[in-house]
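This report refers to the structure that appears directly beneath it.
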Amino acid sequence: MRLLAALTLLLASASVHAAAPAPADAGSIQRVRADVEFLASDGLEGRDTGSRGYAIAADYVASQFRAIGLEPAGEKGGWFQQVPFRRASFARPPVMSIVIGGQRVSLEQGKDVSLRPSVTDKVLRQDAGFVFVGYGLKDGRYRFDDYRGLNLKGKIAVALEGTPAGLPSEIEAHLNASKAIMAAEAGAVGFIEIPRKSGPNGFRRAGRPLIDWVDSSGRAGSTPPGLKLRLGLSDELAARLFEGAPRSLAAIRSDAKAGGKAGPRGFALRPTLSVDAETKWEDFTSPEVVGMLKGSDPRLAAEHVVLMGHLDHLGMKPDAKPGEDAVYNGALDNAAGVATMLEAARLFAAQPVRPKRSVLFIANTGEERGLLGADYYASHPTVPASSIVGLVDLDMPLLLYPFTDVTAFGAEHSTVGTIVAQAGASMGISVSPDPMPEEAIFTRSDHYQFVRRGVPAVLLMTGHANGGKDIWNGWLSKIYHSPKDDLSQEINWDAGARYAQLNYRIARAMADAPVRPMWLQGDYFGDLFDPKGPRAPAQPAP
Ligand SMILES: [Zn+2]
């Protein structure tokens, strides 16, 4: 799971009381345990994207895919799809200045501004003016068009953080995540987001290398075409940007604080920025691991159902003191997801009849660095993009208690939700609503990269019933993304085997259903990303 915003969560409790779940198959328990123990071992050094430890983990997954009887479905007939990553950092401190009120003021990286190194432009020599664009949103459903009447050609878009009040949390998160793309589409060469509240800007990331994928045509994952400058401003400089403008930043902020369904109107700003920066690049690869179980139905086998989980984690702690545990083992985040995916593949392979549709099993790289491996695969799939009909992402199942419910983030958008509910019911496992909507988890894990390409998808996690709520809260505040997410935790291996069984049943139901998963009628994400696809009634019969 990519970094969560708030680690102390006040959660609505799911009021589900189930009997103790039936014990899982003994062999399955041992196989899940064996895979987690290997993938989370110190020897793999935290499986950082591009590291030797990750490469060993990827070899292991490929070897298990072979043993299970899957077919290689990566590039060139192999198990891997090598993702071309680039690490960018500045070759020298960038030279920047701004003209405000006719005076040129030089700017210091990390103090006045935080300029991001570029993975697409080695040399950045740019003079550009600024345009305030309100919240910087463009959206048909909600009739947002903050760029209307503004000329962004060659300009830097300056957006206020956030969205108008009252949006569903997942749509709000999607819009927040799409602002730079919207700025680029409007013709901007740069994008700045200004915090809603006045305060010190940490610039903790200033000067840190940036990792992204860059494909053979020069297209990058998180750099929209044409957008050369991504930067943050100190609070003082942000306020000065509005000198001589129709409204001050303080006035705009105070209106935003009052709320309302309309955002602030945009206008051109007077200052101009000058940037002279040079980046250096280090290119490397790290693989997606892809295996396929071919479907048995002559017609439906051309369609693919995807079960996936991220194999990478955070690597080694660079500033560890002697004797300190320096390995981010990522036992639950996400060796547990990959291990249960492997066991689900074994359960498929053990059945006398293969599924009707083909099933793809993918171990993703680069998740912790920004959902990068899944993004690359989704935009460069090794099967026809239109053949991917539904997806389940397994990220961070907390296998620490006998779970009796699961949360399927995204379940309310498509028929995948119904499929998950039915598969769960067959094992006495219920599906609970998102217990932490403010975290917008739907847009924060790998499955979102497929949602953006129109694929109905859910992210599955163990739920909050049967003691899960307290365990989740404790784990998120003490263990998450720390070296303590290791094998010293009291992992409930029985829960691991049951989770694998559940994932098998979900993927099997998707693969065997007479119709492919569908977005629900009128769903925001379906209408936005798959406007011409088939639809299911919004209120399926109970
Ligand atoms: Zn994580």
Side-chain angles (χ1 to χ4, degrees), residues 1-9 35-36 39-42 44-51 53-54 57-58 61 83 85 173 177 204-205 208 211-212 221-222 286 288-289 308-318 325-341 362-377 392-400 407 409-410 434-436 439-449 457-462 471-489 491 496 499:
M1 172 62 52
R2 213 181 159 197
L3 203 58
L4 295 167
L7 292 178
T8 40
L9 306 167
D35 286 339
V36 172
L39 294 171
S41 60
D42 282 354
L44 298 197
E45 300 182 333
R47 308 186 304 279
D48 194 9
T49 301
S51 70
Y54 180 88
V61 170
V83 180
F85 285 107
R204 281 180 300 127
R205 286 165 182 272
R208 272 201 215 169
I211 296 175
D212 201 354
S222 59
S286 178
E288 297 275 288
V289 194
M308 70 182 196
H310 77 87
L311 181 61
D312 69 301
H313 194 53
L314 299 167
M316 303 283 287
K317 204 174 175 185
D325 182 3
V327 184
Y328 292 107
N329 303 77
L332 297 176
D333 182 13
N334 185 35
V338 173
T340 47
M341 175 184 76
I362 308 178
N364 306 107
T365 185
E367 195 270 353
E368 305 284 12
R369 304 288 165 202
L371 321 183
L372 296 174
D375 185 37
Y376 186 80
Y377 188 89
V392 178
D393 181 25
L394 309 176
D395 192 0
M396 223 164 79
L398 279 203
L399 306 178
L400 297 171
T407 308
F409 297 90
D434 183 349
M436 36 189 164
E439 290 286 350
I441 284 176
F442 183 60
T443 61
R444 297 259 293 275
S445 193
D446 279 338
H447 67 293
Y448 177 62
Q449 303 293 17
V458 296
L459 164 64
L460 212 62
M461 281 187 187
T462 50
I471 286 171
W472 268 102
N473 283 342
W475 193 87
L476 285 174
S477 61
K478 294 194 189 84
I479 311 286
Y480 171 74
H481 279 199
S482 84
K484 291 180 190 158
D485 179 11
D486 64 14
L487 296 164
S488 69
Q489 299 171 96
I491 296 177
Y499 192 67

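Atoms within a ligand are numbered from 1 in the order they appear, just like the ligands themselves. Position 1 is the first residue of the sequence; numbering continues from there.
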| query | Can we call the ring centroids of Y54 and H313 under 6.0 Å apart? | reply | no
| Qualifying residues under side-chain contact (heavy atoms from CB on, under 4.5 Å), relative to I211, sequence neighbours excluded |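 Per chain and number, I211 pairs via side-chain contact (heavy atoms from CB on, under 4.5 Å) with F85, R87, F284, R369, L372.
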| field | By salt bridge (charged side-chain N to carboxylate O under 4.0 Å, His left out) - contacts of K317 (at least two apart) | value | E324
| How many degrees, to 10°, between D333 OD2 and H481 NE2 as seen from the Zn ion (ligand 1)? |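 Rounding to the nearest 10 degrees gives 100°.
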| message | As a test of reading the structure, name the N/O/S atom of E368 that is nearest the Zn ion (ligand 1). | response |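 In E368, the heteroatom (N, O or S) nearest the Zn ion (ligand 1) is OE2.
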| message | Are the side chains of L459 and M461 in contact, using a 4.5 Å heavy-atom criterion? | response | yes
| field | 2.8 Å cut-off met by an N, O or S atom of E367 to the Zn ion (ligand 1) | value |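 Under 2.8 Å: E367 has no N, O or S contact with the Zn ion (ligand 1).
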